[in-house]
Participant: 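Attaching a single structure in structure tokens format; questions to follow.
Quick note: numbers below take in every heavy atom, side chains included, and nothing from hydrogens, waters or symmetry partners.
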Amino acid sequence: MLYIIQKRADEQAFIFLKRKLGIIGGRPKGPAKNLKLDKQKEKITEYLSMGLSQASIAKSLEVSASTLSGYIRRHKLKSQAEKITEPQIQNQIESRSL
């Protein structure tokens with residue numbers, strides 16, 4: 001028990017010294033610049049416009065449903081998916097199969 005207390009005190013002293021030197025640790029403030037799903041944004045929008053559920057989209061992209069749901073909410077992809085018309089979907093599908 002005494003070892004744990006001493007270890008914690010050492011960690012706090014180290015953090016204090018780093019702050020005195022101007023080194024700030026931890027996660028950066030603000031939103032992330034690059035997100036895991038940014039590369040698949042078009043595919044997500046396409047799947048949403050096709051009427052697929054978020055759970056099935058998450059499975060196909062191999063991410064958790066909550067990750068996908070948050071991404072869709074943050075980037076307002078549901079409203080973008082509703083604006084896509086049926087011919088646009090067909091064109092996207094045909095262009096991918098070539």
Side-chain angles (χ1 to χ4, degrees):
M1 177 86 167
L2 187 59
Y3 173 75
I4 294 171
I5 295 171
Q6 182 61 43
K7 186 176 178 185
R8 178 71 179 143
D10 290 345
E11 288 172 359
Q12 288 177 332
F14 184 68
I15 291 169
F16 177 77
L17 288 174
K18 284 176 72 173
R19 286 189 183 147
K20 282 287 189 186
L21 294 172
I23 301 169
I24 300 171
R27 224 170 150 179
K29 291 185 184 210
K33 293 176 183 149
N34 299 320
L35 298 175
K36 182 178 190 175
L37 295 172
D38 280 344
K39 296 174 185 172
Q40 299 172 329
K41 188 174 183 177
E42 288 180 22
K43 194 183 282 189
I44 294 168
T45 307
E46 181 183 328
Y47 287 156
L48 286 171
S49 62
M50 291 167 66
L52 293 175
S53 69
Q54 289 185 14
S56 62
I57 296 171
K59 255 185 201 173
S60 69
L61 298 176
E62 298 177 354
V63 295
S64 73
S66 61
T67 299
L68 179 68
S69 175
Y71 186 81
I72 290 170
R73 190 176 350 97
R74 247 187 319 295
H75 293 291
K76 299 176 178 81
L77 294 182
K78 233 177 193 166
S79 59
Q80 288 178 10
E82 292 169 356
K83 294 176 185 176
I84 297 176
T85 62
E86 186 65 33
Q88 288 174 328
I89 294 170
Q90 287 297 329
N91 289 340
Q92 287 178 356
I93 293 170
E94 290 170 2
S95 67
R96 286 193 179 183
S97 62
L98 296 176

Participant: Pairs under 3.5 angstrom only: tabulate donor-acceptor contacts from the side chains of residues 26-40 to other protein residues two or more places apart or in another chain.
Facilitator:
residue : atom : partner : partner atom : Å
D38     : OD1  : Y71     : OH           : 2.9
D38     : OD2  : L35     : N            : 3.0

Participant: Could you pull out all residues at least two apart from R8 that satisfy salt bridge (charged side-chain N to carboxylate O under 4.0 Å, His left out)?
Facilitator: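 Listed in chain order: E11.
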
Participant: Determine whether Q54 and I72 satisfy the following criterion, side-chain contact (heavy atoms from CB on, under 4.5 Å), listing intermediate values before the conclusion.
Facilitator: CA-CA 9 Å; Q54 289 185 14; I72 290 170; 3.8 Å; yes

Participant: Is it the case that more than 12 heavy atoms not belonging to L17 sit under 6.0 Å from its CG atom?
Facilitator: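 Yes, the 6.0 Å shell around CG holds more than 12 heavy atoms from other groups.
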
Participant: What distance separates Q12 CD from I15 CD1, expressed to the nearest 0.5 Å?
Facilitator: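 It comes to 7.0 Å.
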
Participant: Roughly how far, to the nearest 0.5 Å, is CD of E42 from OG1 of T45?
Facilitator: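 These two atoms lie 7.5 Å from each other.
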
Participant: Below 3.5 Å, can you tabulate the donor-acceptor pairs from side chains in residues 56-69 to any protein atom, sequence neighbours excluded?
Facilitator:
residue : atom : partner : partner atom : Å
S56     : OG   : S53     : N            : 3.3
S56     : OG   : S53     : O            : 2.9
S56     : OG   : S53     : OG           : 3.1
S60     : OG   : I57     : O            : 2.8
S64     : OG   : S66     : OG           : 3.3
S64     : OG   : T67     : N            : 3.2
S64     : OG   : T67     : OG1          : 2.7

